[in-house]
Amino acid sequence: MKFPKHPQAGRAGVALILVLILVGVSILILAGVMQRTQSVAILNERNNNYVVSCNAAEAAVEKVYARMAYDFQSYGPLRVSNNLSTIYQTSIPTVAENSFWSDFQFSDAQGSVGKTYVSYAYSYSGPLPSSYSNLFTISAPVYRIVSNVVNTKGRYAVVGTAQEDVLLAMVPLVTWAIFYNGLLEFSQTAAMTVNGRVQANGPIYVGTSATLVFNSGVSTTANLTAPANNGQSSYGTDPSKWGTTFNATPGYTTNAASVTVSLNMTNSHFLIDIPPSGENSMSSTGQQRLYNQAQMILIVTNAPNGSGNPTVFLTMQSSFNGAVPGSDPSPTTLYYTNASDSFLSTNLPFLSLTNRFLDQREGKTNLVTQIDEGRFSTWVSTNSNVQGKLPASSGIYPTILYVADRRNVTAKQLPVVRLSNGQQLPSNGGSGFTVATQNPLYTLGNYNTQTASSSANQSANTTNTAYTVPAALMADSLTILSKNWTDAHSYTTYAQGGSVSDTTINAAIVVGTMPSTGTSVSTFSGGVQNLPRFLEDWSNNQLWLNTSIIRLWNSKLATNQFRDPLGFNPSPVKPYYNPPTRHFSFDVNFLNSAKVPPGIPVAFVPIRFAWGVPPPSTTTYTPAHN
């Protein structure tokens, strides 16, 4: 018996098998795709959680940085170190600030929840990042801030991290060629070229018929304009009419950040004031006072009974365990009553207290504490009391001399300090020498123009400061007198009855001025060119200023307003000097950290120095510097 053949049935079976195989393969592929999709979704979600957690960690780090920067700029490095455990380490974003933060758990990378890691990391000396070109810092602390964060609402406990190394740069103010705490006026300046950086914590006024050139950056916290000033009309809004050239790029920066140096920049005069009774010398304020930084303090007062010769206190103090000299528990004090000139010539041969002269700008007779710096240098190196307390053989020197004349005076008298014979200053082992006083300060003749290894006045009448020591003059105000000045002539004529001599000052100048109170000649501050004051007829002579000009405060004792020396304003304003030809030059020695004068205030500049994303639970990660 034969059966019929059905070829289509066989082919259908094969097709079914192929379909089943393809379906199986498709299911496997689909499963693989779904598994991969799920894995990608998981990775994406984990990554999203990680990114969000890293952002939260960055917020925690920035919160600490903001508070640290505020404390540093407002109160100095001591406040920062005191706030490590009490403020910074317990600082995290909170629900009170935003309910968003309830989704996150913050820790300090060491297992402590609700904290941020904040600790001193190391000290740094050297140049600052490129945004602070030509600035440097010395032994500035670097603090490390680290935060670890987990998003508690996410499905995956991914740890996000952030780390910031913060440099609390203490930048010597002499790094700037000109630094003004307040309005900085170049209005109607004589020809002037400024080679270093310029900073004003206030507006800057320019506009001159002479030539004003800035070869480095200029920054103001307000605006740079050329308004009517010094009795002159406005130079308008067109910079091409200002007589001013800006050679840096950018030429100038407006609305820049303020640079602070102390507790209160509106009362910086405290830096040169005698501290009040009971103030801790190691407090934030105390450490900054020149009185506490000085190794020698000279105080002149009236006789105890109100008559007779003055009383003199000379205190010697030295630092210990990193404290300022003002914290010395056993200072040495020499106490002299009835200090006549003959007595002083034997006991303090560098000191004279009987000189008198008229300051025609102030309209007052000056009672002078006069210091012969050549004799002072010899005396401190040979006197047994000084060497017993400040032995040069041990590398301990009187690098800062603080002087205060506190004699009672009438309304027509003014106690002042005058420095004479200052051509060669104490080297103090290369550290230099600074004189600080709360009184108006006067220099007589060349200042810091030679060293023991140079010939006489080798750095005079030149911009070459190779034969100088790091030096600063810090006072209520500064008046420069030529070596031909005579006290007797001050009462009769501003021309001094003789020829003024060319003079050179090689020192940083940290003083006050009387700010402008209006736009007329009689209400003008005198501008930066008249920050160093004059009382002679310098019209045929030269003044060389190799310096850094730093104006931090309003003068408290020398308070008479600048008046135009050429008599443009009618009576009662009269000339009391004619200006010299000024050769202003920024002393580039000050860009060398080893040549910063003693006691120079430092600007507090917080800098985000390095940033990184460390592994979780790590506080030793080293990110690259900015």
Side-chain angles (χ1 to χ4, degrees), residues 174 268-274 289-291 293-294 296-300 350-353 355-362 364-373 376 399-407 409 413-423 425-426 432-448 471-483 485 487 490 503-514 526 530-536 543 545 547-560 562 577 597-601:
V174 290
S268 295
H269 199 280
F270 83 88
L271 291 169
I272 56 171
D273 290 339
I274 294 176
R289 292 188 188 272
L290 274 300
Y291 181 94
Q293 294 184 44
M296 296 190 74
I297 300 172
L298 177 65
I299 306 294
V300 178
F350 60 87
L351 180 62
S352 174
L353 302 176
N355 296 86
R356 302 286 188 273
F357 68 90
L358 177 66
D359 184 318
Q360 291 196 28
R361 168 170 172 168
E362 293 299 315
K364 294 181 178 180
T365 297
N366 289 341
L367 279 65
V368 183
T369 290
Q370 182 154 310
I371 297 171
D372 184 310
E373 292 186 287
F376 174 83
T399 57
I400 300 177
L401 171 64
Y402 182 90
V403 186
D405 190 322
R406 307 189 74 186
R407 285 178 284 186
V409 294
Q413 294 177 322
L414 185 65
V416 305
V417 175
R418 185 164 65 183
L419 306 176
S420 65
N421 192 21
Q423 300 93 319
L425 303 180
F433 184 64
T434 288
V435 177
T437 177
Q438 66 179 12
N439 298 94
L441 181 65
Y442 297 72
T443 59
L444 184 59
N446 287 340
Y447 197 85
N448 191 25
L473 301 168
M474 308 176 71
D476 182 75
S477 64
L478 174 67
T479 302
I480 297 173
L481 306 174
S482 79
K483 69 177 182 180
W485 167 274
D487 290 347
S490 66
T503 300
T504 301
I505 305 293
N506 294 322
I509 299 172
V510 186
V511 297
T513 65
M514 288 309 296
N530 286 300
L531 178 140
R533 305 178 178 193
F534 307 98
L535 293 175
E536 301 168 84
L543 174 68
L545 283 170
T547 183
S548 167
I549 291 179
I550 302 168
R551 189 273 189 199
L552 292 182
W553 48 75
N554 293 346
S555 299
K556 287 187 175 181
L557 296 177
T559 57
N560 210 27
F562 169 83
Y577 83 103
I600 287 295

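As a basis for the values below, the full set of heavy atoms in this structure was taken, side chains included, without hydrogen atoms, waters or symmetry mates.
The side-chain heavy atoms of I480 and L543, taken from C-beta on, include a pair separated by under 4.5 Å. Between R533 and E362, the closest side-chain pair of non-hydrogen atoms falls below 4.5 Å. Two residues are said to be in side-chain contact when any heavy atoms from C-beta on lie closer than 4.5 Å; L353 and T369 meet this criterion. In this structure, the side chains of L367 and L414 stay at 4.5 Å or more apart for every pair of heavy atoms. Counting only heavy atoms from C-beta outward, the side chains of Y442 and L419 never approach each other to under 4.5 Å. The shortest side-chain heavy-atom distance between N421 and F350 does not fall under the 4.5 Å cut-off. Between T503 and Y447 there is no side-chain heavy-atom pair separated by less than 4.5 Å. No side-chain heavy atom of R406 sits less than 4.5 Å from a side-chain heavy atom of V300.
Formation of a donor-acceptor pair under 3.5 Å by the Q293 side chain with backbone atoms of I400 is not found in this model. Although no hydrogens or angles enter the test, the distance criterion places a donor-acceptor pair under 3.5 Å between the side chain of N446 and the main chain of T504. Between the side chain of T547 and the backbone N or O of A507 there is at least one donor-acceptor pair closer than 3.5 Å. Of the possible donor and acceptor atoms, none in the side chain of T399 sits under 3.5 Å from a partner among the backbone N and O of G432. With D476 contributing its side chain and L557 its backbone, the two residues share a donor-acceptor pair below 3.5 Å. The backbone N or O of G445 sits nowhere less than 3.5 Å from a side-chain atom of S482 that would complete a donor-acceptor pair.
Using a cut-off of 4.0 Å between Lys/Arg side-chain N and Asp/Glu carboxylate O, D359 and R361 are scored as not salt-bridged. Between D487 and R418 a salt bridge is recorded (basic side-chain N to carboxylate O distance below 4.0 Å).
S555 OG to N560 CG: the interatomic distance, rounded to the nearest 0.5 Å, is 11.0 Å. Between atom CG of residue L444 and atom OG1 of residue T479 there is a gap of 12.0 Å, rounded to the nearest 0.5 Å. To the nearest 0.5 Å, atoms CZ (F534) and CG (L478) are separated by 8.5 Å. L298 CG to L351 CG: the interatomic distance, rounded to the nearest 0.5 Å, is 5.5 Å. Taking CD1 of I509 as the reference point, atom CG of L531 lies at 6.5 Å (rounded to 0.5 Å). Atom OG of S352 and atom CD1 of I371 lie 10.5 Å apart (nearest 0.5 Å).
Within a 6.0 Å radius of CZ in R407, more than 12 heavy atoms belonging to other residues, nucleotides or ligands are found.
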Trace of the side chain to side chain contact (heavy atoms under 4.5 Å, CB included) decision for T434 with M474: CA-CA 8 Å; T434 288; M474 308 176 71; 3.7 Å; yes

Evaluation steps, side chain to side chain contact (heavy atoms under 4.5 Å, CB included), between W553 and I272: CA-CA 10 Å; W553 48 75; I272 56 171; 3.6 Å; yes

Full working for side chain to side chain contact (heavy atoms under 4.5 Å, CB included) between Q438 and Y402: CA-CA 9 Å; Q438 66 179 12; Y402 182 90; 3.7 Å; yes

CA sep, side-chain torsions, deciding dist, call: Q370, V417, side chain to side chain contact (heavy atoms under 4.5 Å, CB included): CA-CA 6 Å; Q370 182 154 310; V417 175; over 6 Å; no

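Side-chain contact annotation: R356 with T365, donor-acceptor N/O pair under 3.5 Å absent.
In plain terms, the two heavy atoms of N439 and A404 that are nearest each other are OD1-CA, 3.4 Å. Heavy-atom minimum distance, P597 versus A471: CG-O, 3.3 Å. Listed here is the closest heavy atom pair of P532 and L545: CG-CD1, 3.9 Å.
The distance between the ring centers of F357 and W485 falls below 6.0 angstrom. For Y291 and F270, the ring centers sit 6.0 Å or farther from each other.
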